[in-house]
Amino acid sequence: MLAWLPILGGAASTPVESDIHRCIGEDDVKIFTDRACSALGVRNRVEEPVRPAELNPPSPRYDCARQIEIFHAQVSAALDSGDVNKLSGLYHWMEDTQNSADILMDELQVISGRRLIGVEVESIELDGEEQPTRLWLDQYVPERLGRTIRTDFNLVMNGGCWWLQR
């Protein structure tokens, strides 16, 4: 029994590779991804995250959108900034597999790279109340001067928050 202790002790101290990769993109933007940093064309972030001595609850400013008007503004801001990480933070990832998430992330990258014209929420009347169901994006297509494209997402409510979903 004592012969196993060194083996078990060594196995317990072996570092485990995380499924989350911490990367640094252009302009020193921090990126957290499930893909290797090199696959995204960015460099690894090597410093350890600074952790506060006391954790504070999140600010309401960064809380999820519980009202569709706030969600509309968040989607517009994410697209105006061209930041795929902000846009993907508004997506409801609960039902996606690894493969579908990779494909969707590539699609969100393309969408976030287009210049935004407008965001429209489509609603249906349900039990006498307007219920948001879809979100439409109107954007310019960079490869085709003057051409626009319309992209739609389903709107889902989960945990009291609004999310995009395909």
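Because the structure is predicted, anything quoted here is derived from the model rather than measured. Heavy atoms only: backbone and side chains are in, while hydrogens, waters and symmetry mates are out.
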Residue set satisfying salt bridge (charged side-chain N to carboxylate O under 4.0 Å, His left out) with Asp106, at least two apart, ordered chain then number -> Arg35
Taking side-chain hydrogen bond (donor to acceptor under 3.5 Å, both in side chains) as the test, write out the residues that go with Asp102, two or more places apart. Gln98
Is Arg115 close to Gln139 at the side-chain level, that is, under 4.5 Å between some pair of heavy atoms? no
Pairwise side-chain contact, Arg66 with Cys161, heavy-atom cut-off 4.5 Å (strictly under): yes
Give the C-alpha distance, both sets of side-chain angles, the deciding distance and a yes or no for side chain to side chain donor-acceptor pair (under 3.5 Å) between Asn44 and His21. CA-CA 8 Å; Asn44 286 324; His21 298 271; 5.5 Å; no
Pairing residues for Glu107 by the salt bridge (charged side-chain N to carboxylate O under 4.0 Å, His left out) criterion, not counting sequence neighbours: Arg166
Those residues that, when tested against Asp152, pass salt bridge (charged side-chain N to carboxylate O under 4.0 Å, His left out) (two or more places apart): Arg134
Closest heavy-atom contact between Pro132 and Ser123? CA-OG, 3.5 Å
If you link ILVMFWY side chains whenever their heavy atoms are less than 4.5 Å apart, which other residues fall into the same cluster as Trp163? By chain and number, please. Val156
Residues which pass side-chain hydrogen bond (donor to acceptor under 3.5 Å, both in side chains) with Arg150, listed by chain and number, not counting sequence neighbours: Glu120, Asp138
What's in the same ILVMFWY side-chain cluster as Val75, cut-off under 4.5 Å, chained through other members? Ile68, Phe71, Leu79, Val84, Leu87, Leu90, Tyr91, Trp93, Leu104, Met105, Leu108, Ile111, Leu116, Val119, Val121, Leu135, Leu137, Phe153, Leu155, Met157, Trp162, Leu164
With Thr133 via side-chain hydrogen bond (donor to acceptor under 3.5 Å, both in side chains) - residues at least two apart: none
Check which hydrophobic residues are tied to Val29 through side-chain heavy-atom contacts below 4.5 Å, counting indirect links as well, and list them. none
Linking Ile, Leu, Val, Met, Phe, Trp and Tyr by side-chain heavy atoms under 4.5 Å, what else ends up with Ile124? none
Partners of Gln67 by side chain to side chain contact (heavy atoms under 4.5 Å, CB included), sequence neighbours excluded? Glu69, Ile70
Do Ser81 and Lys86 make a side-chain contact, defined as non-hydrogen atoms from C-beta onward lying under 4.5 Å apart? yes
Just how far is it from atom CD1 of Ile31 to atom SG of Cys37, taken to the nearest 0.5 Å? 7.5 Å
Thr148: partners by side chain to side chain contact (heavy atoms under 4.5 Å, CB included), with sequence neighbours left out: Ile117, Tyr140
Of all heavy-atom pairs between Cys23 and Thr33, which one has the smallest distance, and what is that distance? SG-CG2, 3.9 Å
Find the distance between CD (Glu130) and CD (Glu125) and round it off to the nearest 0.5 Å. 5.5 Å
